[in-house]
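These notes are about the structure you will find just below.
All of these numbers come straight from a predicted model, not from anything done at the bench. Chain A is the first sequence line, chain B the second, and so forth, proteins listed ahead of strands; every chain is numbered from 1. As a basis for the values below, the full set of heavy atoms in this structure was taken, side chains included, without hydrogen atoms, waters or symmetry mates.
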Amino acid sequence: MIHTWHSFNLVQRMTSSLSTCLLNICVASLCKAQQLEKAEAVIVDGIRLGYLPDVVTYNTLIAAYCRFDGVDAGYKVIHRMSEAGIKPCVITYNSLLASAARQPQLSRALDLLEEMRRRGITPDVWSYNTLMQCCFKSGKPDEANRVFRDIILANLTPSPTTFNTMINGLCKAGYPANALRLFRNLQRHGFLPQLVTYNILINGLCKSGRLGQARRILQELGESGHIPNAITYTTVMKCCFRSGKFEQGFEIYSEMRSKGYTFDAFAYCTVISALTKIGRLKEANDCMWEMVRNGSGLDIVSYNTLINLYCKDGKLETAFQLLNEIEKGGIESDEYTHSILVNGLCKAGDLDRAQQHLKYMKMRGFQSDLVAYNCMIHGLCETGQVDYAMKIFEKMELKDSFTYSSMVHGLCKVRTFRVASKLILSCLREGLKILAADQRAVISGLRSAGLKQEARKLRSKLWSARALAF
DNA sequence: GTAGGGTTAG
């Protein structure tokens, strides 16, 4: 009797776990298809029919809400989870943390961590890795470093991701030398770099102009036994384009093709923008159509690349049409999209419309409109409206070396060398550099205008600024 | 449930 009862119980348990498993598969596939409301409905129906959800069901749902709609959306599900009598676990909170890191919202991430501890859920190395990533993305490398030290000093075993996140974060924060030092230190302590690690480092070193070191790491990657993947190829290709070695970059592109690597939007955009930059528009167009044919679901970066190509090809109306279409399709444009368009309008000589578009950008409130303003300054100077450019220049709160260079260049064109010289000096005070050609133009301009004393003074200031740069 | 590559201006 007892034996029968026991088997019955076992069968019941097995059936119920099987039904939960089915439910989870169903919820996961709906979440993947971004049909979150349907997934929730399935959970409700499931409960009615005896398919009981478990922590995995809710974790899947929360992860999807976090990915598609942000932390708050994910967090709301925790209440429904509790109502169903299921307690969140460390994975639940790690999804929420990841979402906070993506934004990034550092204070939110710290609150979540605190809440975990309060609820008796011990954060694991994933939680801390994510927190580190969040610190880096919030522009706080020191905080990230502190978390890193905590991981090492606490009873947590750092994972390869811990090191990769740290190396990547240091590169992105402008400390590639520290990243390389950490990499070497870890190697000395027996850390075997993963392919990701090499990719991170090659990219970081290349972007900071350390081509020799990047090449050395690429060579080490070859000797490590890892097979470079499409990401490695795209990274190295981009490195070549950045340093003006276009032919070498295109060779890597051919090699990637002949070796049968699958092209994704990252690879296509790298090639299309390089071809666009050097005016090989026919090839850029061919590549673009190949991407459109092959690529499922182009994102805003891909569209920006296409819009840029249309602008450079003189097809401004097509560019604006494309913008309309993508926004109708629910993809949000960003500051790149509109800076590209402002630049296109300036290059086409339509300064009025460029300025209108700049106003529109301001109204939409993008993260930054610095590049668009720089294009405007440059465009106005090129069309002889230097005074107007200067007015805009003076109103700009944020300026960079492009802003100063364009303005100085424009002032030289109308032989206003004294003002140009003043601008160079304030540029130096802000720690920015302007193009050497524009520096020379101002010095020789001052001289030719008989302002020899001022020319000498500017030259010596520029000289000491260069001397102090390292 | 965490980490890597792509888009703009002088």
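- Nucleic acid contact class of A:T197 (heavy atoms, under 4.0 Å, all strands): none.
- The salt bridge (Lys or Arg N to Asp or Glu O under 4.0 Å) test applied to A:K259 returns A:E255, not counting sequence neighbours.
- Checked by distance alone, A:S339 brings a side-chain donor or acceptor within 3.5 Å of a matching partner on the base of B:dT8.
- B:dG4 atom P lies 11 Å from atom NZ of A:K207, rounded to whole Å.
- Contact annotation for A:L195: base contact, defined as any heavy-atom pair under 4.0 Å involving a base atom.
- Residue A:K312 places at least one side-chain N or O under 4.0 Å from the OP1 or OP2 atom of B:dA9.
- Counting non-hydrogen atoms under 4.0 angstrom, A:D124 reaches a base of the nucleic acid.
- Residue contacts for A:K137: at a heavy-atom cut-off of 4.0 Å it reaches no nucleic acid atom on any strand shown.
- The side chain of A:K413 contributes no N or O atom lying less than 4.0 Å from OP1 or OP2 of B:dG10.
- To the nearest angstrom, P of B:dG10 lies 16 Å from CE of A:M407.
- Heavy atoms of A:A98 sit under 4.0 angstrom from primed sugar atoms or phosphate atoms, though from no base atom.
- Checked by atom type and distance alone, the side chain of A:D124 pairs as donor or acceptor with a backbone atom of A:S127 at under 3.5 Å.
- Of the possible polar contacts, none joining the A:R117 side chain to the A:T122 backbone as a donor-acceptor pair under 3.5 Å is found.
- A donor-acceptor contact under 3.5 Å links the side chain of A:S405 to the base of B:dG10.
- If you check every strand for non-hydrogen atoms under 4.0 Å, A:D299 touches a base.
- A:I300 has its CD1 atom 17 Å from the P atom of B:dG6, to the nearest Å.
- Contact detail for A:C375 and A:V342: the closest heavy-atom pair is CB-CG1, 4.4 Å.
- For the side chain to side chain donor-acceptor pair (under 3.5 Å) test, no residue two or more places apart in sequence or in another chain qualifies with A:Q367.
- Below 30°, between 30° and 60°, or above 60°: for A:Y253 and A:F263 the angle between ring planes is above 60°, a perpendicular geometry.
- Listed by first and then second residue, the side chain to side chain donor-acceptor pair (under 3.5 Å) pairs that reach into residues 164-175 of chain A are A:N164-A:Q194, A:N164-A:T197, A:N168-A:K172, sequence neighbours excluded.
- For the pair A:R67 and B:dT2, the criterion of a side-chain N or O lying under 4.0 Å from OP1 or OP2 is met.
- Rounding to whole angstrom units, CG of residue A:L298 and P of B:dT7 are separated by 15 Å.
- Among the protein residues, A:H409 comes within range of no part of the nucleic acid, since none of its heavy atoms lies under 4.0 Å from any strand.
- Residues A:E220 and A:Y198 have side chains that never bring a donor and an acceptor to within less than 3.5 angstrom of each other.
- When the P atom of B:dG5 is taken as reference, atom CG of A:L205 falls 13 Å away, rounded to whole Å.
- No donor-acceptor pair under 3.5 Å is formed between the side chain of A:S406 and the backbone N or O of A:T403.
- Among the protein residues, A:T161 comes within range of the nucleic acid bases, having at least one heavy atom under 4.0 Å from a base atom.
- Side-chain nitrogen and oxygen atoms of A:N308 include none within less than 4.0 Å of the OP1 or OP2 phosphate oxygen of B:dT7.
- Contacts between residues 165-177 of chain A and DNA chain B, defined by a heavy-atom separation below 4.0 Å, involve A:T165, A:N168, A:K172, listed by number.
- Atoms CD1 (A:I252) and P (B:dG5) sit 17 Å apart, rounded to a whole Å.
- A donor atom on one side chain and an acceptor atom on the other are not found under 3.5 Å apart for A:Y58 and A:R80.
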Requested in this report: Quick one: do A:T162 and A:S159 satisfy side chain to side chain donor-acceptor pair (under 3.5 Å)? Show the steps, please.
Outcome: CA-CA 5 Å; A:T162 313; A:S159 63; 3.2 Å; yes

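- Evaluation of atom-type donor-acceptor distances gives no pair under 3.5 Å for the side chain of A:T232 against the base of B:dG4.
- Contact annotation: A:K347 does not reach the phosphate of B:dT8 (side-chain N/O to OP1 or OP2, under 4.0 Å).
- Here B:dG6 presents its C1' atom at 13 Å from CZ of A:F263, a figure rounded to the nearest Å.
- Among the heavy atoms of the strands, none lies under 4.0 Å from A:R242.
- Residue A:A230 places its side chain closer to B:dG5 than to any other of B:dT2, B:dA3, B:dG5.
- In terms of polar N and O atoms assigned as donor or acceptor, the side chain of A:D264 never comes within less than 3.5 Å of the base of B:dG6 in a complementary pairing.
- Judged as a side chain to side chain donor-acceptor pair (under 3.5 Å), not a single pair has a partner in residues 96-106 of chain A (not counting sequence neighbours).
- Among the nucleotides B:dG10, B:dG4, B:dT2, the one closest to the side chain of A:H378 is B:dG10.
- Looking at the side chain of A:D334, the nearest of the listed nucleotides B:dA9, B:dT2, B:dT7 is B:dT7.
- Taking a 4.0 Å limit (strictly below) on heavy-atom distances, residues 390-403 of chain A reaches DNA chain B at A:D400, A:S401, A:F402.
- Between the CG atom of A:N203 and the P atom of B:dG5 there is a distance of 5 Å, given to the nearest Å.
- Residue A:T234 places a side-chain atom within donor-acceptor reach of the base of B:dG5, judged by atom type and a 3.5 Å distance cut-off alone.
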